[in-house]
Amino acid sequence: PFVLEAAQAQDGELRDTATRAIGKLAEAVPKSELPEDVRSGFVSSLRANLADPKAGIRAKAARSFGKLAKNRHLTAGETGKLRTTLDMILGEDEQFEWDRAFIVRREAKEARAYV
């Protein structure tokens, strides 16, 4: 619960750290041991942080989403939404507008390998 709260904190450094921690938890906690409310909280927090004004936080959100996908913590519907979102970040959708920050696009490209 603290990580989920911190991922939405006003303080950018705390938000950044919590967003990264979500990815670390996705790697460390097996799918069978991650409570559904926590897992869905991770998804909601990362989705919100993909729109953060700070590029570093957006990049960590994309990276952590990739770790959730790699470790099979996402539902089929969440995986489809993530694929669409990553395509938007990369400018590979019908709008052809990408995230201006290279670091965000790089992390999105890596994450897309798992969706």
Side-chain angles (χ1 to χ4, degrees):
F2 178 75
V3 172
L4 291 173
E5 186 177 319
Q8 301 307 309
Q10 290 289 84
D11 180 83
E13 191 65 34
L14 185 56
R15 211 167 50 251
D16 183 279
T17 301
T19 302
R20 182 174 184 271
I22 290 171
K24 291 294 189 182
L25 289 167
E27 291 177 315
V29 179
K31 180 180 179 177
S32 62
E33 294 179 27
L34 188 63
E36 175 56 28
D37 61 327
V38 174
R39 188 202 67 76
S40 65
F42 285 173
V43 171
S44 296
S45 291
L46 293 177
R47 183 157 296 284
N49 287 353
L50 282 174
D52 198 275
K54 296 183 180 230
I57 294 172
R58 293 194 311 273
K60 285 181 181 70
R63 182 183 199 99
S64 290
F65 249 135
K67 291 178 179 185
L68 281 173
K70 179 180 180 180
N71 291 284
R72 303 193 194 293
H73 290 297
L74 299 178
T75 66
E78 290 165 343
T79 300
K81 285 181 185 178
L82 178 58
R83 184 178 301 112
T84 300
T85 301
L86 295 173
D87 285 348
M88 288 172 49
I89 290 169
L90 294 167
E92 296 179 3
D93 63 343
E94 61 278 350
Q95 301 297 319
F96 302 107
E97 294 179 17
W98 56 83
D99 192 292
R100 291 183 157 188
F102 171 76
I103 186 82
V104 178
R105 294 191 313 272
R106 186 182 78 191
E107 295 295 349
K109 186 174 182 178
E110 287 185 28
R112 196 172 58 178
Y114 302 109
V115 295

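Scope of the values below: all heavy atoms of this structure, side chains included, with no hydrogens, waters or symmetry mates.
- One finds the OG atom of Ser44 at 11.0 Å from the CG atom of Asp37 (value rounded to the nearest 0.5 Å).
- The distance from atom CZ of Arg83 to atom OG1 of Thr79, rounded to the nearest 0.5 Å, is 7.0 Å.
- The structure places CD of Glu110 at 10.0 Å from NZ of Lys67, a figure rounded to the nearest 0.5 Å.
- Here the CD atom belonging to Gln8 is positioned 4.5 Å from the OG atom belonging to Ser45, to the nearest 0.5 angstrom.
- Under a 4.0 Å N-O distance rule, the pair Arg39/Glu36 qualifies as a salt bridge.
- A distance-only check finds a donor-acceptor pair linking the side chain of Arg15 to the backbone of Ala9 [under 3.5 Å].
- The number of heavy atoms from other shown groups lying within 6.0 Å of CZ (Arg112) is above 12.
- To the nearest 0.5 Å, atoms CG (Leu68) and CD1 (Ile22) are separated by 7.5 Å.
- In this structure the side chain of Leu34 reaches within 4.5 angstrom of the side chain of Phe42, judged on heavy atoms.
- The heavy-atom pair separating Glu78 from Thr75 by the smallest distance is OE1-N, 2.9 Å.
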One pair to check against side-chain contact (heavy atoms from CB on, under 4.5 Å): Lys31 and Asn71. What are the steps and the verdict? CA-CA 7 Å; Lys31 180 180 179 177; Asn71 291 284; over 6 Å; no
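- Contact detail for Ala18 and Ala7: the closest heavy-atom pair is CB-N, 3.4 Å.
- In this structure, Lys81 NZ and Leu86 CG are separated by 14.0 Å, a value rounded to the nearest 0.5 Å.
- Between the side chains of Arg47 and Thr85, a donor-acceptor pair is found at a separation under 3.5 Å.
- Annotation for Gly66 and Ala111: closest pair CA-CB, 3.6 Å, computed over non-hydrogen atoms.
- Side-chain atoms of Asn49 do not come within 3.5 Å of backbone N or O of Asp52 as any donor-acceptor pair.
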Before giving the answer on side-chain contact (heavy atoms from CB on, under 4.5 Å), spell out for Phe65 and Leu50 the whole-Å C-alpha distance, their side-chain angles and the decisive distance to 0.1 Å. CA-CA 9 Å; Phe65 249 135; Leu50 282 174; 3.7 Å; yes
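- Of the possible donor and acceptor atoms, none in the side chain of Asp16 sits under 3.5 Å from a partner among the backbone N and O of Gly12.
- When the options Lys109, Arg105, Arg58 are evaluated for a salt bridge (Lys or Arg N to Asp or Glu O under 4.0 Å) with Asp99, the one that passes is Arg58.
- Between Tyr114 and Ala69, the shortest heavy-atom distance links the atoms O-CB, 3.7 Å.
- Looking only at distances, no side-chain donor or acceptor of Thr19 sits under 3.5 Å from a matching main-chain atom of Ile57.
- In summary, Glu107 and Lys60 do not engage in a salt bridge, as defined by a charged side-chain N under 4.0 Å from a carboxylate O.
- Summarising the local packing, CD of Glu5 is surrounded by 12 or fewer heavy atoms from other residues, nucleotides or ligands at distances under 6.0 Å.
- Distance alone, capped at 3.5 Å, places no donor-acceptor pair between the Thr17 side chain and the Leu14 backbone.
- Proximity of a side-chain donor or acceptor of His73 to a complementary backbone N or O of Pro30 within less than 3.5 Å is not detected.
- Tracing side-chain contacts under 4.5 Å through hydrophobic residues (I, L, V, M, F, W, Y), one reaches Leu46 starting from Val3; they form part of the same cluster.
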